[in-house]
Number of protein chains: 2
Amino acid sequence: MKSSITPQYKARAKIIKAMAHPSRLFIIEELSKKERCVGDLTEMIGADASTVSKHLSVLKNAGLLADEKRGNSIFYSLRVPCIMQFIGCLEDVLFSNAKQHNEILKCCKR
Amino acid sequence: MKSSITPQYKARAKIIKAMAHPSRLFIIEELSKKERCVGDLTEMIGADASTVSKHLSVLKNAGLLADEKRGNSIFYSLRVPCIMQFIGCLEDVLFSNAKQHNEILKCCKR
DNA sequence: TGGCTATTTGGCTATATTACCAAATAAGAC
DNA sequence: GTCTTATTTGGTAATATAGCCAAATAGCCA
């Protein structure tokens, strides 16, 4: 790849990589509904708080989340709502994959 | 995370993970313009052909690409055009990150 | 101040990913 | 058939990621 255009793709990949984990996708979806503090998410996810904290920092580092300290807690929120449209596209992919898989199965069962 | 809902997030993460690499993003974008064979992409990317082949198989495995053998070559194409909308959203994120960064800089220079 | 609660950081191990090379495979061309 | 081209597979080393525990930090509350 021409090195002159690499940085752009690296920057995009960094954001996508930040999303590329089941727990982080869960967090994104949850935060698209309403803001949450680390404790909330930790309980929902059921992992160690330090693990969830690290997931949050990955997302924040990619520019996807905003955080705000209030009282004793830090509330995270989704900074980029357009991300959620993409989840819809993922579901299309999954559906289309399943359909294709079915067709193959049908064909093999003949 | 409730184990009952985990599979859905894992399935989504698999697709996103497949996209989460600079060369693979480049491939996706290139294939959104027109189908290409491995050799074309290898030349454009400038990596070993085996490396590019593996990238293609990751994307294909996730259900993002279709392939068709014609003559001596295998032509890959993008199976899921809605992916490209997402790239636009990524650019929004990057822009918004840059803006935020500028604001911080401005604030620090005061 | 001292004790809580919420969150982050550091250390560590296990696992996954990347990219290269060399070798295998597949299918045309002759 | 043999040669050639296109692509994939296997092996390997370097690097990155994930998750837990223990410890550090930050700020509220008596």
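Throughout, a chain's letter reflects where its sequence line sits, starting with A, and its residues are numbered from 1.
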- Contacts of A:Ser96 that satisfy side-chain hydrogen bond (donor to acceptor under 3.5 Å, both in side chains) - sequence neighbours left out: B:Arg79

- Under the side-chain hydrogen bond (donor to acceptor under 3.5 Å, both in side chains) rule, collect the residues that match up with A:Arg36, sequence neighbours excluded. none

- Message: Are B:Phe75 and B:Leu64 linked, directly or through intermediate hydrophobic residues, by side-chain heavy-atom contacts shorter than 4.5 Å (ILVMFWY only)?
- Response: no

- Item | disulfide bond (SG atoms under 2.5 Å apart) pairs, two or more places apart, involving residues 29-62 of chain B | none

- Item | Contact list for residues 47-92 of chain B, test disulfide bond (SG atoms under 2.5 Å apart), sequence neighbours left out | A:Cys82-B:Cys89, A:Cys89-B:Cys82

Without decimals, in angstroms, what is the distance between [X] [atom1] and [N] [atom2]?
{"X": "B:Lys10", "N": "C:dA16", "atom1": "NZ", "atom2": "P", "result": "11 Å"}
{"X": "A:Leu56", "N": "D:dG19", "atom1": "CG", "atom2": "C1'", "result": "15 Å"}
{"X": "B:Leu41", "N": "D:dT8", "atom1": "CG", "atom2": "P", "result": "11 Å"}
{"X": "B:Tyr9", "N": "D:dA18", "atom1": "OH", "atom2": "P", "result": "18 Å"}

- Hits for side chain to side chain contact (heavy atoms under 4.5 Å, CB included) against A:Glu68, two or more places apart or cross-chain, chain-then-number order -> A:Arg70

- side chain to side chain contact (heavy atoms under 4.5 Å, CB included) filter on A:Ala11, not counting sequence neighbours, yields B:Leu94

- Item | Residue pairs fulfilling salt bridge (charged side-chain N to carboxylate O under 4.0 Å, His left out) with at least one residue in residues 14-29 of chain A, sequence neighbours excluded | A:Glu29-B:Arg12

- Pairs satisfying salt bridge (charged side-chain N to carboxylate O under 4.0 Å, His left out), at least one member in residues 46-63 of chain A, at least two apart: A:Lys60-A:Asp67

- Within residues 28-40 of chain B, those residues having any heavy atom closer than 4.0 Å to DNA chain D are B:Cys37, B:Val38, B:Gly39

- By a strict heavy-atom criterion of less than 4.0 Å, which residues belonging to residues 61-77 of chain A are in contact with DNA chain D? A:Lys69

- Message: What does the B/S/- profile of nucleotides 17-23 of chain C look like, 5' to 3', with a 4.0 Å heavy-atom cutoff to protein?
- Response: SSSBBB-

- Sort out the partner of D:dA30 for me: Watson-Crick or G-U wobble, both distances under 3.5 Å, none otherwise. C:dT1

- With no hydrogens and no angle check, is any side-chain donor or acceptor of A:Asn97 less than 3.5 Å from a backbone partner on B:Ala62? yes

- With sequence neighbours left out, what residues match B:Lys33 under salt bridge (Lys or Arg N to Asp or Glu O under 4.0 Å)? B:Glu30

